[in-house]
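The model shown is predicted, which means the values in this text are computed figures rather than measured ones. First the proteins, then the strands, lettered A, B, ... as listed; each starts at 1.
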There are 2 protein chains.
Amino acid sequence: MSGRPSSREKILAAAAELADCAGPGNLSLDAVAQRAGVSKGGLLYNFPTKAKLMQALVEDYIAKFDATLVAKSQGACGEPTSRLAAYVELSAEEFEQVQPSAAGVVAALAEDPDFLNPIRTYKRQLLDTLKAESTDAAKLIVAFLVIEGLRSMKLFDMDILHEDERDMAFSYLLSEAAAPGAK
Amino acid sequence: MSGRPSSREKILAAAAELADCAGPGNLSLDAVAQRAGVSKGGLLYNFPTKAKLMQALVEDYIAKFDATLVAKSQGACGEPTSRLAAYVELSAEEFEQVQPSAAGVVAALAEDPDFLNPIRTYKRQLLDTLKAESTDAAKLIVAFLVIEGLRSMKLFDMDILHEDERDMAFSYLLSEAAAPGAK
DNA sequence: TTGACAATACCGTCCAGACGGTACAGTAAC
DNA sequence: GTTACTGTACCGTCTGGACGGTATTGTCAA
């Protein structure tokens, strides 16, 4: 909504990083302010309560994710990709990189599980969009859950899968996403 | 290891319930003690620090899960079921019931992500066991991740899937688990 | 059998520190 | 003069955990 210079975004980023490295439950306002290079007064000017900060953390996460997803599905290439293909691709990319923004979401969860409500509704909407494009609902659900599984592992730093195992998962997803009416 | 009367187990149960309904980050020793019907001194006698409580919460979760899994795969029926089938079945059952014990795990995560280490190693071992029994590694990985996805949704109270969608997922899992060499 | 002692399993209180949040005076840019 | 902060001081509350005390049970020599 805003797009103003930076203070707000610096705070959000600092909060996410802190949650990532100090543990989601140990996120204090003082620490966030310090890390963001902002005074505590300044922090509370941008986010009047901690709850608002958490909420913003979650909303920011969704907004960024959705923006990337939309960009990907409309693609630089003239032909728009399928939504599922874009989702798979995006998830694969997210998996490769360190991504502290998700840690902010966990921090919000630690504070109060209700902060995840926006994520719930977003996920449901996404699933509905994907369903509308798919001919085989069962396969879609399986693919969706595979991504969900991958994502939860990432979230918990569960680097359990070997490289070849991850590749198997992604090549499965890619083949499913590529097949339009694969019944 | 002990198995003495109950105090320790009452505390563990109380902690899990509290984490579930008060938010994982808001788990205080006083609250746990009160809910368990134990004084704070008593609590700290059983678990000398909060960290030990968290650790016990995680270990208890794994131990219970593994015990049920082993019991299920050796089955009341003479013939032992396949490990994957047992895992699928157990996950399905867990999905049906309210299960606060998992909330304790999230509480531990909130305190310090390292508390999840035992879960990491357990999951990896489980996956290896499943792999040893399976002929098609790729399908196994997919099934494993589907369960992981289902589990993470449950963990976050993401009651996103409609009933028929959940059924699709489980019938997929069941069919995969049933097929021994389905290549 | 009994008395002395010790271990176990807890209770209740207290405290230093951290935390979220408020208040407010000052300031620098637009 | 408004906006967007900085900096500091402060308050009330909560939290982990240390501590001293106590009731119950067990052990064992005399």
For DNA chain D, the residues among residues 101-109 of chain A that have a non-hydrogen atom under 4.0 Å from it: none
Which nucleotide in C:dG21, D:dG17, C:dC10 has an atom nearest any side-chain atom of B:Asn46: C:dC10
Do the side chain of A:Arg120 and the main chain of B:Phe156 share a donor and acceptor less than 3.5 angstrom apart? yes
Check DNA chain D against residues 11-36 of chain B and give the residues with a non-hydrogen atom under 4.0 Å, in numerical order. B:Leu27, B:Ser28, B:Leu29
Using the rule given for side chain to side chain donor-acceptor pair (under 3.5 Å), can you reason through B:Glu59 versus B:Gln55, listing the C-alpha separation, both sets of side-chain angles and the distance that settles it, and then say yes or no? CA-CA 6 Å; B:Glu59 281 166 5; B:Gln55 194 186 321; 3.2 Å; yes
Answer yes or no: is there a side-chain heavy-atom contact under 4.5 Å between A:Arg151 and A:Leu155? no
Counting only side-chain N and O atoms of B:Tyr45, is one of them less than 4.0 Å from OP1 or OP2 of C:dA9? yes
Nearest-Å distance for atom pair CD/C1', residues A:Glu9 and D:dA4: 15 Å
Find out whether A:Leu43 and A:Asp30 are in side-chain contact, i.e. whether some heavy atom of one side chain is under 4.5 Å from a heavy atom of the other. no
Between D:dG17 atom P and B:Leu53 atom CG, what is the distance in whole Å? 10 Å
Main-chain N/O of B:Pro118 paired to B:Lys123 side chain as donor or acceptor, under 3.5 Å: no
Quick test of your reading of the model: are A:Glu165 and B:Arg124 salt-bridged, counting only N-O distances below 4.0 Å? yes
A:Asp20 and A:Val106: side-chain contact (heavy atoms from CB on, under 4.5 Å), yes or no, with the steps? CA-CA 9 Å; A:Asp20 189 37; A:Val106 183; over 6 Å; no
In this structure, how many angstroms lie between the C1' atom of C:dA23 and the NZ atom of A:Lys40, rounded? 12 Å
Nearest-Å distance for atom pair CZ/P, residues A:Arg8 and D:dC5: 11 Å
Do side-chain atoms of B:Lys154 reach the backbone of B:Glu94 as a donor and acceptor pair under 3.5 angstrom? yes
Is it the case that more than 12 heavy atoms not belonging to B:Gln34 sit under 6.0 Å from its CD atom? no
Among D:dG16, C:dG21, D:dT6, the nucleotide that comes nearest once only the side chain of A:Thr49 is considered: C:dG21
Rounded distance (Å) that lies between atom P of C:dA9 and atom CZ of B:Phe47: 13 Å
Taking D:dG7, D:dG16, C:dG21 as options, the one with an atom nearest any side-chain atom of B:Lys50 is D:dG16
Figure out the CG/P separation between B:Leu43 and C:dC11, and round it to whole Å. 10 Å
B:Ser7 vs C:dA9: side-chain N/O to OP1/OP2 distance below 4.0 Å: no
